[in-house]
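Here the structure is a predicted model, which is why all the values come from computation and not from measurement. Residue numbers begin at 1 in each chain, while the letters A, B, ... track the order of the sequences.
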Number of protein chains: 2
Amino acid sequence: MTVTLADVAARARVSPATVSRVLNGNYPVAASTRERVLRAVDELDYVLNGPASSLAAATSDLVGILVNDIADPFFGIMAGAAQTEIGGQEGTGRAGGEKLAVVCNTGGSPERELTYLTLLQRQRAAAVILTGGALEDPDHIAAMTAKLSRLADAGTTVVLCGRPPLPGSDAVVASLAFDNRGGGRRLTEHLLTLGHRRIGYVAGPVERTTTRHRLEGHRAAMAAAGLGGDTAEQERLTVHGPYDRRSGYDATLELLRRDPELTAIVAANDTVALGACAALRDQGLRIPHDISVAGFDDLPFSVDAVPALTTVRLPLFEAGARAGRLAMGNEAPPPGGIASIAAELMARDSTAPPRA
Amino acid sequence: MTVTLADVAARARVSPATVSRVLNGNYPVAASTRERVLRAVDELDYVLNGPASSLAAATSDLVGILVNDIADPFFGIMAGAAQTEIGGQEGTGRAGGEKLAVVCNTGGSPERELTYLTLLQRQRAAAVILTGGALEDPDHIAAMTAKLSRLADAGTTVVLCGRPPLPGSDAVVASLAFDNRGGGRRLTEHLLTLGHRRIGYVAGPVERTTTRHRLEGHRAAMAAAGLGGDTAEQERLTVHGPYDRRSGYDATLELLRRDPELTAIVAANDTVALGACAALRDQGLRIPHDISVAGFDDLPFSVDAVPALTTVRLPLFEAGARAGRLAMGNEAPPPGGIASIAAELMARDSTAPPRA
DNA sequence: CTGTTAGCGCCTTCAC
DNA sequence: GTGAAGGCGCTAACAG
């Protein structure tokens with residue numbers, strides 16, 4: 001029924017071993033023989049049996065890219081960049097030694113994250129890239145550390161992208177961590193420099209590294225300006241929620257309720273900031289005249305917002321591409337396996353000095 | 001080194017076959033035996049060898065979801081919905097009979113589309129979902145038709161989502177096609193009703209079904225209103241470009257150059273519309289006072305645009321979920337394997353009557 | 001309900 | 001540079 005390697009061998013009048021060698025290209029084969037084999041492959045429309053090949057070789061050409069939310073361009077950009085770097089840009093049609101880069105959407109659920117890792121482990125994946133912030137629950141961290149060790153033992157290359165290093169684990173080849181803390185600090189410093197003193201903060205989901213680091217940066221800047229306040233005050237000006245538009249909308253209304261004198265709102269990311277803007281507009285407030293708004297990530301749409309959104313740029317594409325190369329072993333890991341990726345303040349029109 | 005099914009069998013004092021049966025759950029096994037096996041699995045931290053399993057069973061648990069641009073929420077939403085429907089929401093941790101739903105980013109390249117299909121074919125994928133518009137190049141269509149037949153022959157379920165049916169192919173189980181033509185027509189009718197007569201059109205990339213259908217809808221509405229004009233006139237008011245913000249920006253400037261009297265711009269999709277809005281603002285034009293703008297898709301950010309974007313809503317999430325169910329065989333295919341999915345006009349603030 | 005027996009299709013030493 | 005042979009780990013008939 002389906003054509004096998006043996007069929008190709010018969011047609012090319014060589015042994016199966018030889019066919020295997022030309023297909024994998026990692027062994028010397030006479031040019032004439034190779035050509036004969038390749039011709040037979042095309043004539044028979046032969047497609048390698050991946051499972052059989054993976055079983056025999058004890059490794060597959062699958063590379064998994066885990067993301068928290070595939071509908072969020074934050075992840076889409078990183079994943080796309082990584083996939084480009086991995087999938088090869090050739091396109092010979094015949095599909096030679098390409099890797100199969102695939103993205104898996106965890107939806108932010110820790111269980112699904114682990115399930116996907118198990119599934120990838122089951123497939124004997126060549127590499128796994130974990131993107132985005134990590135959950136800070138101790139149990140989950142322990143489970144992840146164990147799972148990643150298991151993967152690494154089985155020969156899977158593990159790379160972290162936009163996620164802080166896993167303490168005490170040598171399973172990870174490289175961690176590319178965004179400087180969320182520094183970015184958060186600079187963003188709030190920008191607001192302070194403009195003259196803002198009462199700043200509301202729409203944070204991301206609790207127990208996420210990204211959420212915590214950005215918030216820490218914000219509070220560090222506030223504290224440095226002598227505006228830290230006590231814990232109760234800090235919490236009063238902070239509302240947590242998911243990384244979506246709705247959350248930004250609701251949280252902003254809540255912050256306004258808690259303190260109508262707010263002159264600025266800092267959002268966990270650009271999407272949340274958009275929701276915040278909508279809420280403010282619905283309250284009849286003008287941005288930045290009545291109140292300033294800032295986001296984080298600098299997604300493509302942020303520059304088109306009205307007014308253009310002040311935010312912190314993260315080099316998502318570059319980071320994803322680098323993660324892809326690291327996963328493929330095409331780039332040397334950074335010293336210590338850890339790299340911090342700079343976050344750059346993009347001051348635009350949604351922030352301005354507060355009204356007198 | 002790595003623990004195999006035989007190890008589990010030995011520890012549970014049963015035969016390998018029995019272990020296989022409880023793991024696959026598709027065969028009666030005594031409760032006590034099952035429990036013993038499961039315990040052994042946990043104690044040994046056993047993970048099924050996917051390739052071996054796929055080789056023996058001649059099918060894998062891989063399901064591929066092909067998208068044109070993973071950084072575009074249009075695809076992210078559909079892919080995420082499909083993945084949720086396929087990946088199972090259980091999360092037992094142990095990972096039982098779950099499918100591995102993975103998304104593959106073709107970047108809109110026909111070669112990569114074929115390469116990914118070959119890779120998936122190689123893996124003996126259980127199902128493949130193709131999302132988004134298709135390229136209309138005859139050679140590519142022929143290659144795709146052949147490839148999909150090959151896949152179907154090998155037992156892979158093929159589902160189309162947001163893509164018109166492949167004529168003369170029985171390889172596809174179901175095609176969910178958006179009513180792009182109808183949506184495009186209703187959108188332009190809305191503009192005509194408002195009183196617009198000179199409408200510029202920023203189209204998507206040429207040779208794409210999505211592009212063509214939306215444009216046809218637009219022109220049908222124009223023609224019905226006696227405003228069709230000749231071919232030269234139609235082309236003068238149409239500029240093609242990729243589905244991104246930049247394209248919308250540039251194309252809008254070009255349209256304005258060609259006809260400064262335009263009172264409305266229709267964009268290929270919401271992202272493009274955002275670019276168009278930016279260009280118009282930079283020209284000092286107010287929306288919708290000086291000129292109206294409309295998009296397509298109704299992505300989440302469109303309602304937050306300023307002014308809120310008039311567009312055509314496509315039920316992306318629902319369509320993706322349905323495609324996922326169809327791929328899993330959890331839903332009966334529509335009659336004839338083809339379903340048209342309605343597109344609903346969302347009239348918002350970016351369109352208004354033209355200035356007197 | 002459970003055990004036994006054959007492969008699934010390929011890679012990989014080992015000879016030649 | 002090429003062929004021959006064994007086995008990767010699991011599933012799927014068959015028996016029982």
With heavy atoms under 4.0 Å as the rule, sort B/A17 into base, sugar-phosphate or nothing. base
Would you say a side-chain N or O of B/S53 is under 4.0 Å from OP1 or OP2 of D/dT11? yes
Between A/S15 and A/T18: side-chain donor-acceptor atoms closer than 3.5 Å: yes
Taking B/E331 for the side chain and B/R325 for the main chain, is one N or O donor matched with an acceptor at less than 3.5 Å? no
Please check if the side chain of B/T118 supplies one atom and the backbone of B/L114 the other of a donor-acceptor pair under 3.5 Å. yes
Please confirm whether the shortest side-chain N or O distance from B/N24 to OP1 or OP2 of D/dT11 is below 4.0 Å. yes
Rounding to the nearest 10°, end axes of the helix from C/dC1-D/dG16 to C/dC16-D/dG1 built from five pairs each make an angle of 20°
With nearest nucleotide decided by heavy atoms, which residue, B/P16 or B/L55, maps closer to the 5′ end of DNA chain C? B/P16
For A/R208 and A/L135: C-alpha separation, side-chain torsions, deciding distance, then whether side-chain contact (heavy atoms from CB on, under 4.5 Å) applies. CA-CA 5 Å; A/R208 294 241 146 216; A/L135 197 68; 3.8 Å; yes
Between B/L23 (CG) and D/dT11 (C1'), how many Å, whole number? 12 Å
Residues, nucleotides or ligands: over 12 heavy atoms within 6.0 Å of A/E35 CD: no
Applying the side chain to side chain contact (heavy atoms under 4.5 Å, CB included) test to B/V103, which of A/I65, A/V67, A/V103 qualifies? A/V103
First and last nucleotide of DNA chain C in contact with chain B, 5' to 3', at under 4.0 Å to a heavy atom: what are they? C/dC1 to C/dG9
When you measure from the side-chain N and O atoms of B/T4 to the phosphate of D/dC8, is any distance below 4.0 Å, counting only OP1 and OP2? no
Across the strands shown, which category fits B/V14 at heavy-atom distances under 4.0 angstrom: base, sugar-phosphate, nothing? sugar-phosphate
Measure the shortest side-chain to side-chain distance between B/L5 and B/S20 over non-hydrogen atoms and say whether it is less than 4.5 angstrom. yes
Quick one about B/N68 and B/E113 (side-chain donor to acceptor, distance below 3.5 Å, no hydrogens or angles considered), yes or no? no
By nearest-nucleotide position on DNA chain C, the 5'-leaning member of A/L5 and A/Y27 is A/L5
Is any N or O donor-acceptor pair between the side chain of A/R21 and the base of D/dG3 shorter than 3.5 Å? yes
Name the nucleic acid region contacted by B/S54, choosing base, sugar-phosphate or nothing; use a 4.0 angstrom heavy-atom cut-off, strictly under. nothing
Under the side chain to side chain contact (heavy atoms under 4.5 Å, CB included) test against A/Q121, which residue among A/V128, A/L148, A/L151 passes? A/L151
